[in-house]
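Just so we're on the same page: letters track the sequence lines, and every chain starts at 1. Keep in mind that this is a model prediction, so the values were computed, not measured.
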Number of protein chains: 2
Amino acid sequence: MKTEKISELTTNRLSVYLRCLNELAATGVETISSQAMAEQFNLNSAQIRKDLAYFGEFGVRGVGYYVENLRQHILKILGLSTVNRVAIVGLGNLGMALANYHGFYQHSFDIVALFDADPAKIGTRVRSGVEIQSADNLKEVIKQKEINIVVITVPATAAEQVLADVTESGVRAVLNFAPVHLHPKPGVKVKTVDLSISLESLSYFLANPSADGVNVDYRDFLRYDPESNGAG
Amino acid sequence: MKTEKISELTTNRLSVYLRCLNELAATGVETISSQAMAEQFNLNSAQIRKDLAYFGEFGVRGVGYYVENLRQHILKILGLSTVNRVAIVGLGNLGMALANYHGFYQHSFDIVALFDADPAKIGTRVRSGVEIQSADNLKEVIKQKEINIVVITVPATAAEQVLADVTESGVRAVLNFAPVHLHPKPGVKVKTVDLSISLESLSYFLANPSADGVNVDYRDFLRYDPESNGAG
DNA sequence: AATTGTGAATTCCTTCACAGCC
DNA sequence: GGCTGTGAAGGAATTCACAATT
């Protein structure tokens, strides 16, 4: 085990390996080599071995990795062997979908509080039975229910304030769906899932048939032209 | 003539710059420097200038960038000055949320078809008025309606088949929410949004206080992340 | 004076290749 | 023989730093 700083790219891949191991375990496979796993994800086998080696020597030379053993190690590394207590702030379409979507969370994430500012929603319950509370109660309830992860699904303009409030209540991990760049305090981690960026990336790909490998030259038709007010 | 492959990180950042420029334009700001933009996103100003320089010389030395001019250029680069025709396959919680969520799409993405396998849903309409059709019609309708982007929000086990079907109908850009690694044909681009990975990343952070409080926020989108590749 | 555009330096990540072990 | 763990090499992305430009 090393004390080196571990890249988030590595921990993201651990999530992928974990999912693979879950499947293997479910189908009764007992060992897996880095090479075999790499093939499933078009990854390099050395990368998998290196990712794992940051956390220990989990493999057996000449054999590979014991599926269940490695699975347990990764669960522990990712903090998934204890339950995270999650709140969702903003029960619009997306927030509601996440509140009702059990598939994602498996057994490590428990949605224990829901907040919205709309009086029409307050007091109603989602399918799991959790009641939507007024966002006025945000700070106290977050503390009281010992929430450690907050999902922000409010409009962009409200997101920064929600972040400030939950930070004040001691939350250090936030999953943000608002399409805005947030400014967390030191020690607070924000992951933003930005669907606009994903869609626009696809749009770029379609607009640029050579974008996936061949070179492009845009300069001829995109050069700055002070005469046109931008329309190019 | 400068020919160079453009990284997806660069185009993702263009999306962010675009959003910034939209706000600036709305508030009547006429010029912006790379330095000023960089401060908003904790990015390096040289990176912004380099990103833009791939596509042309849009700036004016001593002045900065003309907001509306640059905005128009980026819209064109990202293919957002023409409308993309989008279909959503799988109208569960998430698919329904996306179908009803107009906020994301602005004016460049038009949701023109919805598909589900559940007979109870077929024939019903979402708020925008678009009717949910049987997934049996997927291939013909995709062709007929000239869909160019497909959003996959079906269960993980069904996703690969949906990808195969829409690929057969000529779709080359897919936004996938199913938590599974898909295998697109060459020339087809898949972007996967994996909420499990995001949540587990937060869990790791909480479980490892030594994973110092570095703020990542947009890191997945804006910094090096070979995982989020897609096309073949 | 201010700011862009860009080669050079740096940092970070991946892949190679092989020693070491089962 | 097969496979892991890892130092070294290679590659990619970011940041520096400054000449060029308005």
Side-chain angles (χ1 to χ4, degrees), chain A residues 1-14 16-17 29-39 41-67 69-70 73 213 215 217-219 222-226, chain B residues 1-14 16-17 29-39 41-67 69-70 73 211-212 214 216 218-229:
Chain A
M1 181 106 162
K2 316 184 173 173
T3 50
E4 198 174 330
K5 184 174 180 219
I6 283 141
S7 153
E8 181 151 4
L9 298 169
T10 291
T11 62
N12 286 348
R13 282 190 296 263
L14 290 186
V16 173
Y17 307 153
V29 176
E30 296 203 340
T31 66
I32 182 91
S33 69
S34 60
Q35 182 55 46
M37 244 198 290
E39 277 158 17
F41 304 114
N42 335 331
L43 288 177
N44 181 287
S45 66
Q47 178 159 73
I48 296 180
R49 295 197 297 278
K50 260 207 164 135
D51 285 341
L52 298 174
Y54 285 121
F55 300 95
E57 301 206 358
F58 303 137
V60 181
R61 288 158 204 245
V63 177
Y65 299 87
Y66 287 100
V67 169
N69 176 265
L70 182 56
H73 276 299
N215 303 321
D217 185 325
Y218 284 87
R219 290 172 185 247
L222 291 179
R223 192 181 297 275
Y224 175 55
D225 175 6
Chain B
M1 178 131 157
K2 171 172 177 174
T3 61
E4 197 169 334
K5 180 165 184 211
I6 285 142
S7 153
E8 181 154 358
L9 297 170
T10 292
T11 63
N12 285 349
R13 282 189 295 262
L14 290 185
V16 173
Y17 306 154
V29 176
E30 296 202 339
T31 66
I32 182 91
S33 70
S34 59
Q35 183 56 44
M37 243 198 290
E39 278 159 16
F41 304 114
N42 332 335
L43 287 177
N44 181 291
S45 67
Q47 178 159 71
I48 295 181
R49 295 197 298 276
K50 259 206 166 132
D51 285 340
L52 297 173
Y54 285 123
F55 300 96
E57 300 204 357
F58 303 138
V60 181
R61 288 161 203 244
V63 176
Y65 299 87
Y66 287 100
V67 168
N69 174 267
L70 183 56
H73 277 300
D212 58 56
V214 167
V216 286
Y218 271 85
R219 187 180 206 283
D220 286 356
F221 289 122
L222 306 188
R223 300 183 48 108
Y224 188 37
D225 180 9
E227 269 300 284
S228 74
N229 70 343

Might you list the N or O atoms of the protein lying below 3.5 Å from N or O atoms in nucleotides 8-10 of chain D, with each pair's distance?
unit_1, atom_1, unit_2, atom_2, d
D/dA8, N6, A/Lys50, NZ, 3.1

Give me the ring orientation class for B/Tyr17 and B/Phe41: parallel if the planes are under 30° apart, tilted from 30 to 60°, perpendicular past 60°.
tilted
Go nucleotide by nucleotide along DNA chain D from the 5' end; which of A/Val63 and B/Asp51 gets its closest nucleotide reached first?
A/Val63
Tell me, yes or no, whether the heavy-atom count around A/Tyr66 atom OH, taken from other residues, nucleotides or ligands under 6.0 Å, exceeds 12.
no
Set of side-chain contact (heavy atoms from CB on, under 4.5 Å) partners for B/Glu39, sequence neighbours left out
B/Gln35
With a non-hydrogen cut-off below 4.0 angstrom, is A/Ser34 in contact with a base, only sugar-phosphate, or nothing?
sugar-phosphate
Need one value for A/Ser45: base, sugar-phosphate or nothing, where a base atom within 4.0 Å counts as base even if backbone is also close, heavy atoms only.
nothing
For [X], give me all partners under side chain to side chain donor-acceptor pair (under 3.5 Å), at least two apart in sequence or on another chain.
{"X": "B/Glu30", "value": "none"}
{"X": "A/Ser34", "value": "A/Arg49"}
{"X": "B/Thr10", "value": "B/Asp51"}

Here the pair of heavy atoms bringing B/Leu52 nearest to B/Phe58 is O-CE1, 3.7 Å
Atom [atom1] of [X] and atom [atom2] of [Y]: how far apart are they, to the nearest 0.5 Å?
{"X": "A/Arg13", "Y": "A/Ser7", "atom1": "CZ", "atom2": "OG", "value": "6.5 Å"}
{"X": "A/Leu14", "Y": "A/Leu9", "atom1": "CG", "atom2": "CG", "value": "11.0 Å"}
{"X": "B/Thr11", "Y": "B/Ile6", "atom1": "OG1", "atom2": "CD1", "value": "8.5 Å"}

Measure from [atom1] on [X] to [atom2] on [N] and round the result to the nearest Å.
{"X": "B/Leu52", "N": "C/dT3", "atom1": "CG", "atom2": "C1'", "value": "13 Å"}
{"X": "B/Glu8", "N": "D/dA13", "atom1": "CD", "atom2": "C1'", "value": "14 Å"}
{"X": "A/Leu43", "N": "C/dT15", "atom1": "CG", "atom2": "P", "value": "8 Å"}
{"X": "B/Met37", "N": "C/dT3", "atom1": "CE", "atom2": "P", "value": "13 Å"}
{"X": "A/Ile48", "N": "D/dC3", "atom1": "CD1", "atom2": "C1'", "value": "13 Å"}
{"X": "B/Asn42", "N": "D/dT15", "atom1": "CG", "atom2": "P", "value": "10 Å"}
{"X": "B/Phe41", "N": "D/dT15", "atom1": "CZ", "atom2": "C1'", "value": "19 Å"}
{"X": "A/Tyr54", "N": "C/dC12", "atom1": "OH", "atom2": "P", "value": "12 Å"}

Any protein N or O atoms within reach of nucleotides 18-21 of chain C? Criterion: under 3.5 Å, listing atom names and distances.
unit_1, atom_1, unit_2, atom_2, d
C/dG20, N3, A/Arg61, NH1, 3.1

With the side chain of [X] defined as its heavy atoms from C-beta on, choose the nearest nucleotide among [options].
{"X": "B/Asn44", "options": "D/dT4, C/dT14, D/dT15", "answer": "D/dT15"}
{"X": "A/Ala46", "options": "C/dT4, C/dC13, C/dC16", "answer": "C/dC16"}
{"X": "A/Gln47", "options": "C/dT3, C/dT14, C/dG5", "answer": "C/dT14"}
{"X": "A/Ala53", "options": "C/dT15, D/dG5, C/dG5", "answer": "D/dG5"}
{"X": "A/Tyr65", "options": "C/dT14, D/dG5, C/dT3", "answer": "D/dG5"}

